[in-house]
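Please read all numbers here as calculations on a predicted model, not as lab measurements.
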Amino acid sequence: MDKKPEKDPRFAVAEREAVIGCVLAVINFAWWYGFAYGLGSEKPEDYTYILGFPAWFFFSSILGFLVMLVFVFLTVKFLLKDVPLDDRDDENGGAKSA
């Protein structure tokens with residue numbers, strides 16, 4: 001009759017936020033790969049330039065960084081939760097009892 005310990009609800013938050021982080025990483029890689037290899041597959045003589053950079057580099061690395069910066073800011077602002085990391089039990093007003 002082993003009683004399983006109750007799962008800490010903070011783990012659900014952490015798992016959800018880990019998935020969000022992985023999704024952001026996949027979006028970043030897809031953006032970078034799509035522009036770098038999509039526009040960068042031409043001959044260098046045929047490249048178009050934006051601010052002195054080849055278009056593939058500008059869209060994949062410079063604009064991609066700025067877009068991801070906005071995505072991460074919005075994610076932190078609206079999707080992530082602030083959770084306490086200490087082992088306090090609000091009912092006892094102190095540390096959890098064993």
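A distance-only check finds no donor-acceptor pair linking the side chain of R16 to the backbone of F11 [under 3.5 Å]. A donor-acceptor pair is defined here as one N or O able to donate and one able to accept, closer than 3.5 Å; such a pair exists between the side chain of W31 and the backbone of F59.
Remark: F65 CZ is loosely packed, at most 12 non-hydrogen atoms of other residues, nucleotides or ligands lying under 6.0 Å away. Atom CG of D46 has more than 12 heavy atoms from other residues, nucleotides or ligands within 6.0 Å. Atom CZ of F58 is surrounded by more than 12 heavy atoms from other residues, nucleotides or ligands within 6.0 Å.
Using the six-membered ring where Trp is involved, F29 and W32 have ring planes that are tilted, between 30° and 60° apart.
Under the 4.0 Å criterion applied to side-chain N and carboxylate O atoms, E17 and R10 are not assigned as salt-bridge partners.
A chain of hydrophobic side-chain contacts below 4.5 Å, direct or via other Ile, Leu, Val, Met, Phe, Trp or Tyr residues, connects W56 to Y49. Criterion: ILVMFWY side-chain heavy atoms under 4.5 Å apart, direct or through other members. Under it, V13 and I20 are not part of a common hydrophobic cluster. L24 and L79 fall within a single hydrophobic cluster, where Ile, Leu, Val, Met, Phe, Trp and Tyr are joined by side-chain heavy atoms under 4.5 Å apart, directly or via other members. Note: the hydrophobic cluster containing V76 also contains I27 (ILVMFWY, side chain heavy atoms under 4.5 Å, direct or indirect links). There is a path of hydrophobic side-chain contacts, each under 4.5 Å, that joins F53 to M68.
Residue I50 comes nearest to A55 through the heavy atom pair CD1-CB, 4.2 Å, listed as atom of the first residue, atom of the second, then distance. In this structure, A36 and S60 approach most closely via the heavy-atom pair N-CB, 3.6 Å.
Between the CG atom of L39 and the CZ atom of F57 there is a distance of 13.5 Å, given to the nearest 0.5 Å. The distance from the CG atom of L69 to the CG atom of L63 is 11.5 Å, given to the nearest 0.5 Å.
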